[in-house]
Amino acid sequence: FPRGLEFVLEVREGREVGTLLDQLAEAGLRGTLRVSPWPELYPRLARGEVEVYLGAWQCSSGDASDLFDHKLHSYQPRLGYGDANSNGYSNPQLDAQIEASGEIFTMAERRRALEEGVRAAMFDLPLVPLVVPYDAWAVRSGIDWRPRLGGLILVSEIRRRFRGHA
């Protein structure tokens, strides 16, 4: 886009995007921000009425199939696929890979299948990875806990450290 590109960036209330818009503007992508409450934005997003949406997807199970099954598979909710595919993305080859990966139970084979799916999705780029937000955690002394990559906090993984134990 030699003359740049103008778009409306829609976000839900509470998202900070000022720095992102500034960085995109440096690349000639001029975004106008539209902030909406989630109960208003979500129905429009689900109907495909949102031009550009800044959101996030978290694989709370720690498995990439959360993203593939719900966000990247073609919209086929009766089969359990694509229920969150608000951008209308469809790739029959990737759909077949996603469905086949669900039948693989050997960890190494499943990982290879999901990596192939990632490569296919990155080629089409139905989602543009712009921002990787991070969480900040603090734990007082005397507590042993490590955050999970998926962001899920399980109380059963938090331990009290007793005096005299490292």
Side-chain angles (χ1 to χ4, degrees), residues 7-17 19-20 23-24 29 31 34-139 143-159:
F7 61 95
V8 175
L9 176 64
E10 300 211 36
V11 299
R12 63 197 278 182
E13 288 176 323
R15 301 274 177 165
E16 176 56 48
V17 296
T19 303
L20 175 62
Q23 291 172 348
L24 290 172
L29 306 172
R34 180 176 178 185
V35 179
S36 302
W38 187 240
E40 176 191 313
L41 178 58
Y42 180 75
R44 293 181 43 253
L45 190 62
R47 290 190 303 263
E49 298 172 356
V50 176
E51 182 181 21
V52 178
Y53 169 68
L54 177 65
W57 190 267
Q58 181 172 326
C59 297
S60 59
S61 72
D63 191 299
S65 64
D66 290 349
L67 176 72
F68 286 125
D69 292 354
H70 301 286
K71 192 74 179 153
L72 296 180
H73 192 286
S74 299
Y75 183 73
Q76 296 177 339
R78 288 193 330 266
L79 299 177
Y81 295 111
D83 59 335
N85 184 345
S86 58
N87 59 339
Y89 172 69
S90 180
N91 177 332
Q93 181 182 359
L94 180 58
D95 290 349
Q97 286 178 295
I98 291 168
E99 292 168 25
S101 72
E103 302 295 322
I104 300 171
F105 299 103
T106 306
M107 189 180 302
E109 287 179 49
R110 182 167 171 72
R111 180 179 177 150
R112 278 192 292 277
L114 292 172
E115 286 173 348
E116 287 177 27
V118 168
R119 280 191 286 281
M122 291 303 292
F123 181 78
D124 286 348
L125 210 56
L127 306 172
V128 180
L130 289 177
V131 178
V132 178
Y134 64 90
D135 294 318
W137 303 96
V139 177
I143 301 291
D144 288 324
W145 175 72
R146 291 187 185 268
R148 293 171 157 249
L149 291 177
L152 183 66
I153 300 173
L154 298 177
V155 174
S156 62
E157 295 178 348
I158 301 171
R159 300 277 186 258

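Position 1 is the first residue of the sequence, and the numbers go up from there.
Applying the ring-ring contact (aromatic ring centres under 6.0 Å, His included) criterion to W57, with sequence neighbours excluded, gives no partner residue. Qualifying ring-ring contact (aromatic ring centres under 6.0 Å, His included) partners for Y75, counting only residues two or more places apart in sequence or in other chains: none.
Note that CG of L127 is 5.5 Å distant from CG of N87, once rounded to the nearest 0.5 Å. Atom CG of L79 and atom CD of E99 lie 7.0 Å apart (nearest 0.5 Å). Put simply, CG on D83 and CZ on R78 are 13.5 Å apart, with the number rounded to the nearest 0.5 Å. For the atom pair Q93 CD and I98 CD1, the distance stands at 11.0 Å (nearest 0.5 Å).
Surrounding OH of Y42 are at most 12 heavy atoms belonging to other residues, nucleotides or ligands under 6.0 Å away.
Among residues at least two apart or in separate chains, salt bridge (charged side-chain N to carboxylate O under 4.0 Å, His left out) pairs with a member in residues 52-64 are D63-R110.
For the pair L94 and F123, the minimum side-chain heavy-atom distance is 4.5 Å or more.
Minimum interatomic distance between L114 and S101 (heavy atoms only, all atoms of both residues): CD2-OG, 3.8 Å. Between V8 and R34, the closest heavy-atom pair is CG1-CB, 3.9 Å. D124 and Y89 make their closest contact through OD2-OH, 2.5 Å (heavy atoms, listed as atom of the first residue, atom of the second, distance). Among all heavy-atom pairs drawn from Y53 and L41, the shortest one is CE1-CD2, 3.6 Å. Residues R47 and E49 come closest through the heavy atom pair NE-OE2, 2.8 Å. When all heavy atoms of S36 and E10 are compared, the pair lying nearest together is OG-OE1, 4.3 Å.
Using a distance-only test at 3.5 Å, with no hydrogens or angles considered, a donor-acceptor pair links the side chain of N85 to the main chain of H73.
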CA sep, side-chain torsions, deciding dist, call: V139, D144, side chain to side chain contact (heavy atoms under 4.5 Å, CB included): CA-CA 8 Å; V139 177; D144 288 324; over 6 Å; no
Derivation of the side chain to side chain contact (heavy atoms under 4.5 Å, CB included) call for D95 and L72: CA-CA 8 Å; D95 290 349; L72 296 180; over 6 Å; no
Stepwise salt bridge (Lys or Arg N to Asp or Glu O under 4.0 Å) check, R111 with E115: CA-CA 6 Å; R111 180 179 177 150; E115 286 173 348; 2.9 Å; yes
Side chain to side chain contact (heavy atoms under 4.5 Å, CB included) between F68 and Q97, worked out: CA-CA 10 Å; F68 286 125; Q97 286 178 295; over 6 Å; no
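The existence of a salt bridge linking E40 and R12 is excluded, since no basic side-chain nitrogen approaches an acidic carboxylate oxygen closer than 4.0 Å.
Just one of S86, C59, P126 meets the side chain to side chain contact (heavy atoms under 4.5 Å, CB included) condition when paired with K71; it is S86.
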